[in-house]
There are 2 protein chains.
Amino acid sequence: MREVAALAGVSLKTVSRVINAEPAVSDEVRSRVVGAIQRLDYRHDHGASSLRRSDRKTSTIGVLLEDVANPFSSALHREIEDVALRRGVLVLAGSSDEDEAREQQLIAAFTSRRVDGLIIVPASHDHSYLLSERRAGTSMVFVDRPPGFLDADSILTDNQAGTRQGVGHLIAHGHRRIGYLGDLMTITTATERYRGYEQELAAASIGLDPQLVRLNVHGIDRADAATVELLKLTEPPSALFTSQNLLTIGASRALHRLDLHRRIALVGFDDVLLGDLLEPGITVIAQDPSTMGRKAAEQLFRRIDGDQSASVHLVVPTRLITRGSGEIRR
Amino acid sequence: MREVAALAGVSLKTVSRVINAEPAVSDEVRSRVVGAIQRLDYRHDHGASSLRRSDRKTSTIGVLLEDVANPFSSALHREIEDVALRRGVLVLAGSSDEDEAREQQLIAAFTSRRVDGLIIVPASHDHSYLLSERRAGTSMVFVDRPPGFLDADSILTDNQAGTRQGVGHLIAHGHRRIGYLGDLMTITTATERYRGYEQELAAASIGLDPQLVRLNVHGIDRADAATVELLKLTEPPSALFTSQNLLTIGASRALHRLDLHRRIALVGFDDVLLGDLLEPGITVIAQDPSTMGRKAAEQLFRRIDGDQSASVHLVVPTRLITRGSGEIRR
DNA sequence: TTATAAGTTGATAACGTTGTCAATTGAGTC
DNA sequence: GACTCAATTGACAACGTTATCAACTTATAA
């Protein structure tokens with residue numbers, strides 16, 4: 001920048017003015033400076049700039065996801081990116097893998113880079129470690145799961161209502177022995193969904209048979225194995241509710257292998273890519289990650305822009321998509 | 001930091017030494033400083049630090065993908081993240097959407113934040129705009145597609161050989177009229193794959209019927225429509241080769257709707273999640289995005305660590321996964 | 001003409017940190 | 001007792017940028 005100023009025959013401050021498009025520069029000087037910038041191939045140092053500027057904004061936000069490679073997370077990520085990029089803001093992304101330590105490590109790395117804000121899909125349950133960060137002025141929005149011991153904005157899915165709708169759908173098709181596969185109970189959404197299952201059975205006066213419930217099932221392979229177990233029971237279920245993406249895939253895989261996919265009904269929570277190509281197609285309670293991402297990013301930027309109002313808690317509704325597997329009658 | 005120094009009764013420089021774990025600090029002083037850091041809830045400013053340090057490293061890299069939400073991109077992304085995080089490096093990610101302008105905008109945003117390196121899945125074909133950036137010391141590795149007018153490391157898939165293997169597989173099952181769906185011909189990989197199709201037909205002395213070829217098909221819906229068109233020909237193909245993920249899905253969808261999925265053979269380039277659940281399962285030429293991501297990140301960090309040797313061009317092989325759809329005989 | 005205002009420009013300090021180098025201390029050696 | 005050496009600490013400048021404020025130029029009004 002010093003060299004640019006020298007070549008253009010102006011002061012440092014004038015170059016700064018041109019770069020920041022401040023109005024108080026004559027056209028003649030401006031074009032001289034622009035020329036010098038191009039000739040010297042000067043690149044503005046965004047970091048040094050934000051260090052000195054009074055707003056201290058880095059135009060960077062941090063996004064903590066469960067895993068950037070999983071479809072729900074990456075759909076969120078993409079929507080956040082689009083909202084951010086429209087404001088010239090870049091996104092630092094990281095995967096927690098449901099690991100509390102990794103969550104905190106990543107968030108510490110984000111904040112030491114002075115991100116303007118954080119969008120967090122939490123793995124841990126106690127976010128009081130973020131209190132001082134908030135006091136320091138970092139905005140934050142929680143997505144998919146609520147913050148623990150911290151008052152902050154959240155954008156959630158209505159897990160309980162969604163599950164009730166899915167389980168109710170199976171009951172409406174005559175099922176009374178409905179198997180349940182649940183993810184790790186340390187995940188808030190998993191416990192909420194399980195509660196929805198309990199409630200809907202109770203509402204239909206169906207007794208809960210613990211044999212039909214498999215909790216803390218994580219990943220495709222374990223879901224596959226758990227499905228096989230359920231179907232080997234002396235009184236096997238006539239329908240399955242799988243409470244997560246990968247569990248749905250695992251269960252579907254097992255049903256296909258056992259050639260039971262046309263006999264046992266299946267409803268899954270969260271949509272499955274290609275779910276409509278299978279025979280039968282997989283009926284799901286779809287979440288809406290794009291909407292969640294967009295709302296989260298918009299809310300974050302409202303906070304970054306200075307909105308100090310009380311915390312907002314948005315619940316994004318789910319949608320039942322019927323494709324066949326959930327409409328198999330007992 | 002000034003406050004920490006005052007509270008601990010030491011100089012600024014000593015605090016800096018403690019933070020950077022420099023050896024020349026007595027245990028007693030160190031613990032006083034650590035105590036002060038905790039009491040004052042001090043957070044190190046990574047940006048100011050890298051501005052002053054002589055290596056000028058930001059411990060941040062930029063990753064330009066086609067779309068963070070597409071499975072190939074996000075698998076790459078995840079692998080890069082893991083390699084980076086092991087070194088305490090964070091990842092800025094962006095989606096080009098195959099748009100040259102957006103590629104350049106994002107890369108400019110990355111470099112103005114002084115990233116240590118770039119991993120690029122290029123959308124554009126002329127990367128001479130990166131020459132000055134390279135001269136300035138930014139390391140860069142290209143993935144999936146080669147750089148244009150720039151000598152740099154690349155990690156590519158063997159598109160031509162993979163396509164030949166897939167088309168050859170169909171020929172081996174008796175097909176001679178093999179439809180081809182290709183993505184935008186502006187994408188390097190799309191042209192390479194098409195060339196593989198041409199070559200394999202020629203090698204089997206099968207004349208190329210232009211009616212069977214649909215190029216510049218982008219996205220699921222257009223692939224679906226193009227498939228319908230091909231099957232309506234007076235002499236329709238008995239097999240299809242779809243040269244990209246989404247095209248495979250679109251074609252499969254069309255085949256299912258027309259109830260031809262057991263009659264028309266299908267081989268796709270790039271694996272499809274759930275491809276094994278369909279009936280028949282989808283036979284694909286699988287790429288290996290995880291390996292590509294890992295190799296790219298490892299190569300990038302070698303460069304960042306000072307490796308000045310000649311450009312490396314790595315070709316990651318593809319793998320034929322037979323699941324049924326490609327083994328339908330004419 | 002002079003006073004005033006508006007529009008340009010620059011000198012300087014500061015953002016939070018680390019590199020450089022010099023000063024201080026204490027122990028060990030002859 | 002004087003010397004050397006290593007270990008520890010601090011003063012100061014500098015990284016690339018922008019905020020502040022003062023100075024200058026030109027135009028306009030009285």
Side-chain angles (χ1 to χ4, degrees), chain A residues 1-34 36-37 40-60 88 108-109 111-116 133 136-138, chain B residues 1-34 36-37 40-60 88 108-109 111-116 133 136-138:
Chain A
M1 185 151 153
R2 219 182 304 276
E3 292 175 37
V4 171
L7 181 58
V10 298
S11 77
L12 225 51
K13 176 66 213 190
T14 299
V15 177
S16 168
R17 273 191 265 259
V18 171
I19 288 163
N20 291 293
E22 290 176 35
V25 182
S26 68
D27 290 348
E28 195 245 328
V29 169
R30 188 192 316 281
S31 67
R32 252 183 17 235
V33 171
V34 169
I37 286 176
L40 294 176
D41 191 51
Y42 161 83
R43 338 285 273 204
H44 191 57
D45 187 322
H46 195 283
S49 165
S50 81
L51 175 61
R52 187 57 181 87
R53 271 201 317 275
S54 46
D55 65 2
R56 320 271 351 255
K57 291 278 183 284
T58 53
S59 295
T60 306
T111 56
S112 87
R113 282 166 183 78
R114 295 293 186 268
V115 292
D116 298 336
E133 201 51 46
T138 308
Chain B
M1 185 150 151
R2 219 182 304 276
E3 291 174 39
V4 171
L7 180 58
V10 298
S11 76
L12 223 53
K13 177 67 212 191
T14 299
V15 177
S16 168
R17 272 191 265 259
V18 171
I19 289 164
N20 292 291
E22 291 176 34
V25 182
S26 68
D27 289 349
E28 195 247 325
V29 169
R30 188 193 317 281
S31 66
R32 257 189 4 242
V33 171
V34 169
I37 286 176
L40 294 176
D41 191 52
Y42 161 83
R43 337 287 272 204
H44 191 57
D45 187 322
H46 195 283
S49 165
S50 82
L51 175 62
R52 186 57 180 87
R53 269 201 317 275
S54 46
D55 65 2
R56 321 271 349 255
K57 291 279 183 286
T58 54
S59 294
T60 306
T111 57
S112 87
R113 281 166 183 77
R114 294 294 186 268
V115 291
D116 298 336
E133 200 51 45
T138 308

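Note: hydrogens, waters and symmetry copies are ignored here, and every other heavy atom, side chains too, is used. Below, chains carry the letters A, B, ... as their sequence lines are ordered, and counting in each starts from 1. Note that the structure is a prediction, hence the values are computed from the model and not measured.
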Rounded interatomic separation in angstrom, taking CZ from R114(B) and P from dC15(D): 14 Å
Length of the line joining R43(A):CZ and dT17(D):P, which is rounded to integer Å: 12 Å
Touch class at under 4.0 angstrom, heavy-atom based, for L12(B) against every strand present: base
Atom pair distance, as rounded to whole Å: CZ in R53(A) and P in dG16(D): 17 Å
Polar pairs (N or O, both sides) under 3.5 Å between protein and nucleotides 7-9 of chain C?
{"from": "dT9(C)", "atom 1": "OP1", "to": "S26(A)", "atom 2": "OG", "distance (Å)": "3.1"}
{"from": "dT9(C)", "atom 1": "OP2", "to": "S26(A)", "atom 2": "N", "distance (Å)": "2.9"}
{"from": "dT9(C)", "atom 1": "OP2", "to": "S26(A)", "atom 2": "OG", "distance (Å)": "3.4"}

Closest non-hydrogen atom pair between K13(B) and E22(B), with its separation: NZ-OE2, 4.3 Å
Atom pair NE2/CD1 of H44(B) and I19(B) - distance to nearest 0.5 Å: 5.5 Å
Short side-chain N/O contact from S16(A) to OP1 or OP2 of dT17(D), under 4.0 Å: no
Phosphate OP1/OP2 of dT18(D) contacted by H44(A) side-chain N/O (<4.0 Å): yes
Sub-4.5 Å side-chain heavy-atom contact between D45(A) and R56(B): yes
Within-4.5 Å side-chain heavy-atom neighbours: S59(B) and H46(B): yes
I37(A) CD1 - dG16(D) C1' separation (whole Å): 14 Å
Side chains of T58(A) and R113(A) in contact at under 4.5 Å (non-hydrogen atoms): no
Atom pair distance, as rounded to whole Å: CG in D27(B) and P in dT8(D): 8 Å
Candidates dG16(C), dG10(C), dT17(D) - which lies nearest the side chain of L51(B): dG16(C)
Donor-acceptor pair under 3.5 Å, K13(B) side chain vs dA11(D) base: no
Distance below 4.0 Å between R52(A) side-chain N/O and dG16(C) OP1 or OP2: no
Residue whose closest nucleotide on DNA chain D lies nearer the 5' end, D55(A) versus R2(A): R2(A)
Nearest listed nucleotide, side chain of S54(A), among dA19(D), dG10(D), dT17(D): dA19(D)
R56(B) CZ - dT17(D) C1' separation (whole Å): 11 Å
Exam field: side chain R32(A) to backbone A8(A), donor-acceptor pair closer than 3.5 Å: yes
Rounded interatomic separation in angstrom, taking CG from D45(A) and P from dT17(C): 16 Å
E3(A), CD: over 12 other non-hydrogen atoms inside 6.0 angstrom: no
Distance in angstrom units between L40(B) CG and dG16(C) C1', rounded: 15 Å
